[in-house]
Number of protein chains: 2
Amino acid sequence: MSTIKDVAKLAKVSVGTVSRYINGYKIKDENRIKIEEAINQLDFKLNPIARGLRTNKTFTIGVLIPRISDIFCTQVIEGIEEVLNPLNYSIIVCSANDNFEQQAEKMKYLQNKCVDGIIVMPVTSTELYGKEVVESGIPVVLIDRLVKDCELDAVISDNVNGAYSAVEMIIKKGHRKIGIIAGPQDIYTAKERLTGYLRALNDYHIEVNENYIEYSQYTKNGGIDAFNRLMSLEDRPTAIFTTNYPITVNSMKVMMEKGLRMGEDISLCGYDQTELFQMFNPPVSVVVQPTREIGIHAAEILLKRINGDYSRFPYIQRLKTHLISTDSVKTLF
Amino acid sequence: MSTIKDVAKLAKVSVGTVSRYINGYKIKDENRIKIEEAINQLDFKLNPIARGLRTNKTFTIGVLIPRISDIFCTQVIEGIEEVLNPLNYSIIVCSANDNFEQQAEKMKYLQNKCVDGIIVMPVTSTELYGKEVVESGIPVVLIDRLVKDCELDAVISDNVNGAYSAVEMIIKKGHRKIGIIAGPQDIYTAKERLTGYLRALNDYHIEVNENYIEYSQYTKNGGIDAFNRLMSLEDRPTAIFTTNYPITVNSMKVMMEKGLRMGEDISLCGYDQTELFQMFNPPVSVVVQPTREIGIHAAEILLKRINGDYSRFPYIQRLKTHLISTDSVKTLF
DNA sequence: TTGTAGGCGTTATCAT
DNA sequence: ATGATAACGCCTACAA
C-alpha cells in the first residue's frame with residue numbers, strides 16, 4: 001500500500017500539497033496533474049484509519065437493532081444504506097438480541113469503536129439503556145420507538161393512527177366485539193397502538209370490554225397464550241387486532257391449529273407486512289409501516305447532527321402508515 | 001477521552017508499561033495495580049483507530065450480501081455475529097443489490113475501509129467480481145455459492161443432495177411428471193440443484209422431459225413466467241420443484257390467482273424456509289438450508305485465515321440441508 | 001500556493 | 001521489567 005508520501009515523492013511535491021489536493025483545496029494545476037498521475041500509477045488509496053486518527057471521524061455509523069433477522073429491521077437498514085452509502089459511510093450492524101443489557105453493552109461498544117453516530121431501535125421504551133453514550137455527545141437517533149425521559153431525535157411511524165385506521169375499518173365492517181392483543185405497555189409503540197384502538201372504539205361509541213384487551217410480549221413467540229385466552233371467552237370477540245408481526249403470525253398459527261377459518265369464524269387484522277400475508281386465502285389485513293422511509297429519514301437526521309447542525313433538536317418525525325383491508329375481516333353488515 | 005499517556009502520568013509509569021499491561025504482557029504487580037487504578041479513575045478506553053494505525057488490524061470484517069432484506073442472508077449474518085461478536089470484531093454490512101458491478105465496487109470499498117477480512121455471498125458464479133481485492137491478500141470466504149476458477153474458502157449447503165431429496169420424495173409419492181423451475185445456470189447453487197433433480201430422475205429411471213425443465217432468474221420476481229409456461233403445457237407436470245425462495249413464493253402466487261389448489265390440482269415443493277410456509281393449508285414442502293450454521297462456519301474459517309493459519313486452503317465446507325415433507329405434494333399411490 | 005514539522009494514540013524497538 | 005523514542009499515515013498550523 002502506497003502512502004501520500006510515495007505520491008508526493010513521485011509527483012515531486014510535498015505531502016502537504018498531496019493532502020490538500022485530496023481534501024479539495026486549491027493547488028496549482030501543474031501539480032494537480034502530476035499528483036493525479038502519481039496516484040494512478042501507484043494505485044494510491046487514502047488510509048481511512050490514519051485519517052480517522054487525525055480527524056476524529058471514522059465515516060462509520062452504528063446501527064443497533066433488537067434482532068437482525070427481523071424483516072422490519074432490515075428494511076429500515078436498506079433505507080439507511082440508501083442514504084449513507086453514496087456518502088461513503090459504512091454501517092456497523094449490531095443486534096441487541098431483544099435484550100436491554102445487550103443494548104447498553106452494544107451502545108458502549110459502538111462508542112468505543114469510534115463510530116460517528118448511532119441509529120438505535122430501542123428494545124424498550126422505559127429507559128434508554130446506553131444513556132451514558134448519549135451523554136458523551138455522540139449523535140444518536142431513535143427509530144420506531146420513543147424512550148421515556150429521553151430527549152433525542154427520533155423517526156417513528158404514527159402508531160396511534162395506524163391502529164386507529166385498522167380498528168375503524170373493523171368497526172365499519174360491522175364488528176362490535178373487537179379484541180386486541182397489545183404489546184407490553186412499557187414499549188412506546190405498543191402503548192400507542194393500544195391508544196389508537198381505544199380511541200377508535202370511543203369515537204364510534206363502542207364500550208370498552210376489558211376482557212377483550214389482552215397483552216403479550218413483543219418477542220418471537222408472543223401472542224399465543226393471549227390469543228387462546230381471547231378464544232376461550234364465553235362471549236368471544238368476532239374480530240381481533242394483533243399489534244405486531246410475531247403476534248399476528250402466531251395468532252394465525254393457533255387459528256389454523258384450531259381449525260378456525262380466518263375471516264369466517266374469526267376476523268383478523270394484523271400489523272406489519274410480509275409479501276406472504278397477501279397470499280393467504282383470504283389475504284391478511286394489515287397495517288403497513290413505511291420501513292424504508294424510516295431508515296432514510298433517520299439517516300438524514302443523523303447526518304445533520306454529525307455535521308454539527310443541531311437545529312430543531314430533538315426532532316421527532318412521525319411517518320404515516322397505510323392499511324391493507326381484505327376479507328380476513330368479515331363484513332357483517 | 002483520556003489516552004494511555006494520561007494513564008501513564010497518573011500511574012507514574014511510562015506509556016510503554018501501560019501499553020504492555022493492556023496487551024497482556026507481564027509487568028510488576030505493583031505497577032499493575034497503579035495502572036488499573038488510573039484506568040478506572042480516568043475511565044480510559046483504548047482507541048482502536050490509533051491501534052489500528054500501528055497494527056494494521058481494525059477488528060472489523062466486511063459482509064457482502066446480495067440483498068439485506070433477504071431473510072436467508074440475515075440468518076447467515078446472525079451466525080456470523082454469534083462467532084465474531086464475543087471476539088470483539090464488528091461487522092460492516094454491505095449490499096450488492098443483486099448487481100455484480102456493485103459487488104465489485106463494494107469489495108474494493110471494504111478493502112479500502114481496511115477490514116481484516118470479507119465474507120461474501122456472490123451474486124453470480126461465473127466470476128468473482130472484486131477479484132483484485134482477493135489478490136491483494138485480504139482473506140475472503142465465500143458463502144452459499146462457489147465461483148468458477150476461484151480458489152477460495154467457501155461454506156455452502158449441499159444443493160445437489162438437497163434437491164435430490166426433494167425430487168426423491170416427490171417420486172416416492174407417485175409422481176412421474178415432475179417439473180422444475182431452475183435458476184440461471186451461471187449460478188453455482190442453481191446448477192447444483194438442477195443436477196440433483198436430474199440425478200434423482202435418473203436413479204429412479206424416469207425419463208427426462210425437456211419441457212418440464214424451466215429456467216428463471218433468482219431475483220425477486222423470478223418464476224412467474226416459468227410457472228405459467230409449465231402450466232400451459234399440454235401434458236403438464238403433476239408436481240413442480242421450485243428451486244429458491246422467490247420462485248417458490250411467486251409460483252404460489254400464480255397458483256392462487258389461477259385458482260389451482262396446492263397439493264390437489266398441482267403439487268409443489270420449494271426451497272428455503274419461512275415460518276409462514278408452514279401455516280398454509282396444506283403447509284408447503286421445502287428444502288431447508290442451515291443458514292445460521294453457514295454463517296458460523298464462514299466466520300470461523302475467516303478467523304483462521306486472519307490469524308495467518310492457511311492450512312487446508314482452499315477449504316470447501318458443504319453443509320447438509322433437510323427436507324420438510326407435507327401434503328403440498330400429493331400422494332398419488 | 002507551497003513546504004516543513006508537529007501531533008493524533010498506539011505499538012514496538014531499543015537500551016537500560 | 002521498564003523507559004524513551006521512533007514509527008504508523010494523515011492533517012494542519014506555520015512560515016515562506
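Residue numbers begin at 1 in each chain, while the letters A, B, ... track the order of the sequences. Side chains are part of it too, since the values below use all heavy atoms of this structure and drop only hydrogens, waters and symmetry mates.
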May I have the distance from A:K45 (atom NZ) to D:dC8 (atom C1'), rounded to whole angstrom?
20 Å
Base, sugar-phosphate, or nothing for A:N23, non-hydrogen atoms under 4.0 angstrom?
sugar-phosphate
Evaluate the side-chain proximity of B:L84 to B:L303: yes if any heavy-atom separation is below 4.5 Å, no if none is.
yes
When rounded to whole Å, the CZ to P distance for the pair B:F59 and C:dG9 reads 20 Å
Pairwise 5' ranking along DNA chain D for A:M1 and A:R20, keeping only the more 5' one:
A:M1
Choosing from C:dG9, C:dT1, C:dT11, which nucleotide comes nearest the side chain of A:N31?
C:dT1
Nearest-angstrom distance from the residue atom CD1 of A:I35 to C1' of C:dT2:
11 Å
Closer than 4.0 Å, any side-chain N/O of A:N47 to the OP1 or OP2 of D:dC8?
no
Pick the closest DNA chain C nucleotide for B:V18 and for A:K26 by heavy atoms, then say which residue is nearer the 5' end.
A:K26
Any donor and acceptor pair, going by atom type alone, linking the side chain of A:R145 with main-chain N or O of A:V123 inside 3.5 Å?
yes
Have a look at B:L46 and say if it touches a base, only the backbone sugar-phosphate, or nothing, with a 4.0 Å heavy-atom cut-off.
sugar-phosphate
Working to the nearest 0.5 Å, report the span between CG of A:N88 and CG of B:N112.
9.0 Å
D:dT12 P sits how many Å from A:I22 CD1, rounded?
12 Å
Rounded to whole Å, OH of B:Y21 lies from C1' of C:dT11 at a distance of 17 Å
If you check the A:F44 side chain, which of C:dG9, C:dT2, D:dC10 turns out closest?
D:dC10
Pairing of B:R318 and B:D158 as salt bridge, 4.0 angstrom limit
no
Side-chain contact, heavy-atom cut-off 4.5 Å: B:T58 with A:I49?
yes
In whole angstroms, how far is the C1' atom of D:dA13 from the OH atom of A:Y25?
11 Å
Specify the separation, in whole Å, of atom CZ of A:R51 and atom C1' of D:dT12.
13 Å
Interface residues of residues 4-17 of chain B with DNA chain C (non-hydrogen, below 4.0 angstrom):
B:I4, B:G16
Can you tell me the distance, in whole Å, between the CG atom of A:L53 and the C1' atom of D:dT12?
14 Å
Could you state the interatomic distance from OG (A:S136) to NZ (A:K131), rounded to the nearest 0.5 Å?
13.5 Å
Check whether more than 12 heavy atoms from other residues, nucleotides or ligands sit under 6.0 Å from atom NZ of A:K57, and answer yes or no.
yes
Does a distance-only test, which skips hydrogens and angles, find a donor-acceptor pair under 3.5 Å between the side chain of B:R54 and the base of C:dG9?
no
side-chain N/O A:T3 vs D:dG9 OP1/OP2, d < 4.0 Å:
no
